[in-house]
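Everything numeric in this text was worked out from a predicted model, so none of it was measured.
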Amino acid sequence: MAIAKWYPRKLQGKLDRLLELRETAPKESLDKIDENIAVIHNLLSEQEPECDVDITTCLDREYEVLKNCAPVWHVVEPLVAEKEISCAEKYCSIPKLSDDEVVGLVHDFCRDSLDRELFKRIRGILKKKHEYINMRNLGGANISAESFYLPYFSQVYILLRRYKDISDLVYLSHELGHSLQFKTNYSTAMFFQLSPFLEVVSQFFELLSLDYFRQFREFEAAASQFNKVTFDDVRVWSKFFWTETEVLELWDGSNRQADKSTLELLSRTYAESVGLSQFSVDDIYYLLSMRLSGKFKYFASYVCAVELLMLYKKDRDRALDFLKRFMQIDLNFSLVDYYTAMLDLGLTPGENLSAYRDYIMRPKG
C-alpha cells in the first residue's frame with residue numbers, strides 16, 4: 001500500500017529534529033523521543049502487507065489476535081440481536097463544499113456541541129488547519145481518514161480524503177475525536193491491549209456530528225442515511241464476527257491442523273451460523289478475508305459510543321463529564337480492568353441500542 005505523499009514532506013523535518021534532540025537529551029527524555037522516532041519511521045514505511053495464502057497460518061493469526069479480546073467479546077452481542085434496518089441504497093447529495101468550508105462546519109459542530117474546556121483542546125488543530133489537516137496529496141494511499149499523534153510535540157496530524165459527501169464532515173469529526181483522546185491521555189497501549197475501545201471517543205464524535213448536521217435541511221437526508229447504513233453495516237459485521245468466534249474456538253479445540261475433517265467441521269459451522277444449505281472450505285477463506293480481528297474495535301466502540309450519545313441527548317453536561325472521565329482512565333490497565341473502570345463510570349454497553357435504532361429511524365423534527 002502506497003503511503004500518502006504528504007507524510008515524507010511533513011514528517012522528515014520532525015524526524016531530523018528528534019534525531020538532533022536525541023544527541024543531547026537527558027535520560028528521562030530519551031524514551032519519549034525514541035517513541036516518536038518509531039512512530040515516524042512506521043508512518044514512512046512503505047512495506048506491503050503480507051498476503052497470506054496458507055489457511056493454517058490465517059486461522060492461527062486470527063485466533064491469536066481475537067483471543068486477546070475474548071474478555072470483552074460479549075460487548076457486541078446486543079448488536080448481533082438487533083433487527084435489520086431496511087433502507088434502500090441511495091446517494092444523498094449535500095451542497096458543494098470547499099476544504100475550508102468543511103473545516104469551518106466541523107469547527108462549528110465542535111464549538112456548539114462541546115463545552116469550553118473540551119473545545120479548547122482541539123481548537124488549535126482547526127485554527128491551524130493548513131498545518132495539521134491535509135485533504136490533498138494523498139497519492140495512492142488507501143486512506144479515507146486517519147490521524148497520528150507525536151506526543152513529544154503534542155501535535156496531531158489529520159489526513160482526510162474528500163468524497164464530496166456527508167462523510168467529509170463525519171470523518172473529520174471522527175478524527176478530531178481521536179485528537180481529543182490523544183491530547184487528553186495518550187499511551188501506545190491504546191493500540192494494543194486496549195484496542196477494543198480505541199474508537200469510543202472518535203465513534204461518539206461521529207455519531208454526535210451526524211446528530212448535529214441532521215438538524216440542517218441541506219444535510220438532513222444525507223446524515224440520516226449515513227446513520228442507518230452505518231448501524232446496519234456494524235450489525236452485519238458483528239454477526240459475522242460472532243460466527244468467526246465459533247469457528248476459531250473450534251479450530252483451537254481441534255488439532256489446529258488443516259486436515260479434511262477439521263476444515264469440514266469449520267465450514268459446516270460457518271454455513272449453519274449464516275443460514276447456508278451448502279458449505280465448502282471457500283466459506284472459511286471468505287470469512288478470514290473480512291479481517292474481523294481488525295474491525296472488532298469498531299463494533300465494540302460503536303456500542304459504547306451509542307450509549308454515550310443517548311446520555312448526551314438526555315443530559316449534555318453529564319455526558320461530557322463522563323467523556324472527560326472516560327478519557328482519563330488509566331491506560332496502563334489490563335483490558336479487563338479498563339472495561340471494569342468504564343462500567344464503574346456508569347455506562348452499560350448495549351442498554352440503549354434498541355432505543356438508538358428507533359431514534360435514527362424516526363424523521364427529524
Side-chain angles (χ1 to χ4, degrees), residues 100-129 131-133 145 147 149 151 153-158 160 166 168-187 190 194 197-216 219-220 223 226-227 301-331 338 341-349 351-352 355-356 359-360 364:
D100 286 348
E101 287 172 327
V102 168
V103 174
L105 284 165
V106 172
H107 172 280
D108 293 348
F109 150 65
C110 292
R111 180 199 62 204
D112 296 345
S113 303
L114 303 176
D115 62 20
R116 192 170 186 176
E117 176 190 348
L118 292 172
F119 180 54
K120 185 177 180 181
R121 292 182 202 171
I122 55 176
R123 182 178 55 193
I125 299 172
L126 296 164
K127 286 182 68 176
K128 296 184 177 181
K129 55 184 179 289
E131 171 70 15
Y132 297 121
I133 301 173
S147 54
Y149 181 53
F153 301 103
S154 190
Q155 292 174 335
V156 178
Y157 294 89
I158 295 173
L160 177 73
I166 192 70
D168 293 344
L169 302 173
V170 176
Y171 291 158
L172 180 54
S173 301
H174 179 109
E175 296 307 323
L176 286 169
H178 281 306
S179 303
L180 182 61
Q181 170 71 76
F182 295 158
K183 283 180 166 287
T184 301
N185 189 16
Y186 176 82
S187 168
M190 290 188 294
L194 303 182
F197 303 111
L198 172 65
E199 302 288 333
V200 171
V201 180
S202 56
Q203 292 272 21
F204 170 62
F205 265 59
E206 183 172 317
L207 297 179
L208 189 60
S209 71
L210 285 164
D211 205 60
Y212 176 84
F213 290 116
R214 194 179 169 203
Q215 69 182 307
F216 299 104
F219 300 120
E220 181 182 355
F226 194 103
N227 247 334
S301 295
Y302 183 86
V303 175
C304 299
V306 162
E307 294 302 319
L308 187 48
L309 179 75
M310 295 304 281
L311 176 60
Y312 185 96
K313 300 297 293 178
K314 295 176 185 175
D315 190 329
R316 177 182 184 271
D317 291 341
R318 188 177 161 209
L320 294 180
D321 179 65
F322 176 95
L323 179 64
K324 293 173 189 176
R325 290 186 292 135
F326 171 77
M327 291 189 294
Q328 291 289 0
I329 294 176
D330 192 339
L331 299 176
Y338 186 88
M342 182 172 68
L343 295 180
D344 289 343
L345 292 178
L347 182 146
T348 305
E351 186 175 37
N352 289 288
Y356 175 71
Y359 172 69
I360 63 175
K364 194 70 177 175

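Closest approach of Ile125 and Ser179 over heavy atoms only: CD1-CB, 3.6 Å. Of all heavy-atom pairs between Val156 and Ser147, the closest is CG1-CB, 4.2 Å. Scanning all heavy atoms of the two residues, the minimum distance from Tyr171 to Ala145 falls at CB-CB, 3.8 Å. Between Val106 and Leu169, the shortest heavy-atom contact is CG2-O, 3.7 Å. Of all heavy-atom pairs spanning Leu118 and Leu180, the tightest one is O-CD1, 3.8 Å. The two residues Tyr132 and Gln155 have their closest heavy-atom pair at OH-NE2, 3.4 Å.
Annotation: salt bridge (Lys or Arg N to Asp or Glu O under 4.0 Å) contacts of Asp315 (sequence neighbours excluded): none. Under the ring pair (Phe, Tyr, Trp, His ring centres under 6.0 Å) criterion, His178 pairs with His174, Phe182, not counting sequence neighbours. Partners of Phe109 according to the ring pair (Phe, Tyr, Trp, His ring centres under 6.0 Å) rule, which considers only residues two or more places apart in sequence or in another chain, are Tyr212. The side chain to side chain donor-acceptor pair (under 3.5 Å) search around Ser187 returns none, not counting sequence neighbours. Taking Phe197 as the reference, Tyr339 meet the ring pair (Phe, Tyr, Trp, His ring centres under 6.0 Å) condition, with sequence neighbours excluded. Checked against salt bridge (Lys or Arg N to Asp or Glu O under 4.0 Å), Asp330 has no partners two or more places apart in sequence or in another chain.
Judged by distance alone, with hydrogens and angles left aside, the side-chain atoms of Ser209 form a donor-acceptor pair with the main-chain N or O of Glu206 at under 3.5 Å. Side chain of Gln181 to backbone of Asn185: a donor-acceptor contact under 3.5 angstrom is found. Of the possible donor and acceptor atoms, one in the side chain of Ser202 sits under 3.5 Å from a partner among the backbone N and O of Glu199. One N or O on the side chain of Glu307 and one on the backbone of Glu351 form a donor-acceptor pair closer than 3.5 Å.
In this structure, the separation between CD on Gln203 and CG on Leu309 is 11.5 Å, given to the nearest 0.5 Å. Summarising the geometry, atom NZ belonging to Lys313 is positioned 8.5 Å from atom CG belonging to Leu208; distances are rounded to the nearest 0.5 Å. The CZ atom of Phe322 lies 10.5 Å from the CE atom of Met327; values are rounded to the nearest 0.5 Å. A distance of 10.5 Å separates NE2 in His107 from CG in Leu176, rounded to the nearest 0.5 Å. In this structure, OG in Ser113 is found 8.5 Å from CZ in Phe205, a value given to the nearest 0.5 Å. Note: Tyr186 OH to Met190 CE = 6.0 Å, rounded to the nearest 0.5 Å.
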**Study point:** salt bridge (charged side-chain N to carboxylate O under 4.0 Å, His left out) assessment of Asp115 paired with Arg316
**Key:** CA-CA 9 Å; Asp115 62 20; Arg316 177 182 184 271; over 6 Å; no

**Study point:** Step-by-step side chain to side chain contact (heavy atoms under 4.5 Å, CB included) determination, Cys110 to Ile122
**Key:** CA-CA 9 Å; Cys110 292; Ile122 55 176; 3.9 Å; yes

Point to revise | Leu347 vs Phe326, side chain to side chain contact (heavy atoms under 4.5 Å, CB included): CA-CA, chis, key distance, verdict | key: CA-CA 10 Å; Leu347 182 146; Phe326 171 77; over 6 Å; no

**Study point:** Steps toward side-chain hydrogen bond (donor to acceptor under 3.5 Å, both in side chains) verdict (Asn227, Tyr359)
**Key:** CA-CA 10 Å; Asn227 247 334; Tyr359 172 69; over 6 Å; no

Review point. Are Leu126 and Arg111 close enough, and set up right, to give a side chain to side chain contact (heavy atoms under 4.5 Å, CB included), and what steps lead you there?
Key: CA-CA 11 Å; Leu126 296 164; Arg111 180 199 62 204; over 6 Å; no

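Proximity of Leu105 to Phe219: side-chain heavy atoms (C-beta onward) are separated by under 4.5 Å at one or more points.
Within 6.0 Å of CZ in Arg318 there are 12 or fewer heavy atoms belonging to other residues, nucleotides or ligands.
Applying side chain to side chain contact (heavy atoms under 4.5 Å, CB included) to Leu323 and the options Thr184, Val201, Val200 leaves one that passes, Val201.
Side-chain contact of Lys183 with Tyr149: a donor-acceptor pair under 3.5 Å is absent, judged by distance alone.
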